[in-house]
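No experiment lies behind these values; they were computed from the predicted model shown.
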Amino acid sequence: MRRPVMTWMMSGMQVERWRSMSEWPLTIAAVVFLFTYSWQVLAQPGESGIAVSDAIIWLTWAMFAIDYVVSLSLAEDRKTWFLKHLLDLAIVLLPILRPLRLLRLVVILQALQRTIGTAVRGKIVVYVVGASALLMYVAALALLESERGQGGNVENFGDAIWWSFVTVTTVGYGDFYPVTLMGRIIAAALMLSGIALIGVVTGSLASWLVEKVGDEVDKRDTIERRAIRQDIALLSDEVVALREALSASGTTRADGADRGPAAPPREC
């Protein structure tokens, strides 16, 4: 029994050590990928520029793939680790999701750590809003890349980012829409992320309102309990004072009884 426990502890330490070593390099790789992909779509460089950007994108993919394979190999229960890190697998397989690695930076924000409840709720909101914003930007780039020159009505980045905004908010004006298969796949993914965004924001707002109402009720109950305790203390003091008065009255009567009956008045 002791050896498997030690093996599990060593494996967990190795995983944490690898994560601490790879955190910042992968974050930098995500930033480099985002800038490279943006430059490739918006600037439309020549053949040499496209070759350089493709090489950088493939390099970032290799970094994410190596991180995934090493983390999986170091895990004690690989099946459980695989099921818990499906997003990491999606980041490796889908280039559009690699900028989501930037969301790891919100963990270091100490402003969200004031209380446990607000920290958890704040992290959820930041993750979902941040993921939606990144997805909107990257989806606009991907849509522009797939729709430009294909007979659609999205021909510049301004139209693409507007389409991305109205799609993620599930408004869907219909003034801009994809016509290619890849564009429609991107639209479907963006719609699902928009539904998740609305659900999380609504739930967080409801949780905040319930918490505020609970705080007000607790304050009111505290004031009422304090007033009741003060009333009880006053009644206790009055009971003690009354008991002392009755005790003193009983002592006076007892002293009068010890002296005997009073003498009758003399007749003149």
Side-chain angles (χ1 to χ4, degrees), residues 1-2 4-6 8-13 15-17 19-20 23-24 27 76-77 80-81 83-85 87 100 102-134 168-170 193-268:
M1 291 294 294
R2 191 172 182 179
V5 173
M6 293 297 296
W8 178 82
M9 291 179 62
M10 291 297 296
S11 178
M13 292 175 61
V15 172
E16 290 299 324
R17 189 180 298 115
R19 289 190 62 183
S20 63
E23 187 70 31
W24 283 106
T27 301
E76 176 66 21
D77 189 352
T80 303
W81 189 93
L83 295 176
K84 289 183 177 180
H85 295 80
L87 179 59
L100 293 181
L102 298 173
L103 294 177
R104 293 290 184 89
L105 296 176
V106 302
V107 179
I108 65 176
L109 297 178
Q110 297 299 324
L112 299 178
Q113 304 294 336
R114 296 177 182 175
T115 60
I116 295 177
T118 56
V120 173
R121 186 168 58 247
K123 283 182 179 180
I124 292 174
V125 172
V126 170
Y127 266 87
V128 174
V129 174
S132 299
L134 285 173
V168 79
T169 55
T170 67
S193 64
I195 294 172
L197 171 65
I198 293 174
V200 171
V201 171
T202 303
S204 299
L205 179 60
S207 176
W208 178 78
L209 291 175
V210 170
E211 182 180 348
K212 290 300 180 181
V213 171
D215 291 341
E216 293 296 329
V217 172
D218 291 339
K219 289 179 182 179
R220 187 175 302 174
D221 291 343
T222 301
I223 295 173
E224 292 178 356
R225 285 196 295 268
R226 189 179 303 167
I228 291 174
R229 284 197 296 268
Q230 291 177 354
D231 293 339
I232 292 174
L234 291 175
L235 289 174
S236 299
D237 294 339
E238 291 179 1
V239 169
V240 170
L242 182 61
R243 185 176 297 171
E244 291 177 353
L246 290 175
S247 178
S249 176
T251 302
T252 303
R253 291 181 180 178
D255 292 343
D258 292 339
R259 294 194 190 105
R266 296 181 180 181
E267 295 182 357
C268 296

Residues two or more places apart in sequence or in another chain: which of them pass side chain to side chain donor-acceptor pair (under 3.5 Å) with T80?
D77

Take V240 and E244 through the side chain to side chain contact (heavy atoms under 4.5 Å, CB included) test and state the conclusion after the steps.
CA-CA 6 Å; V240 170; E244 291 177 353; 3.7 Å; yes

Atom OG of S236 and atom CG of D231: how far apart are they, to the nearest 0.5 Å?
10.5 Å

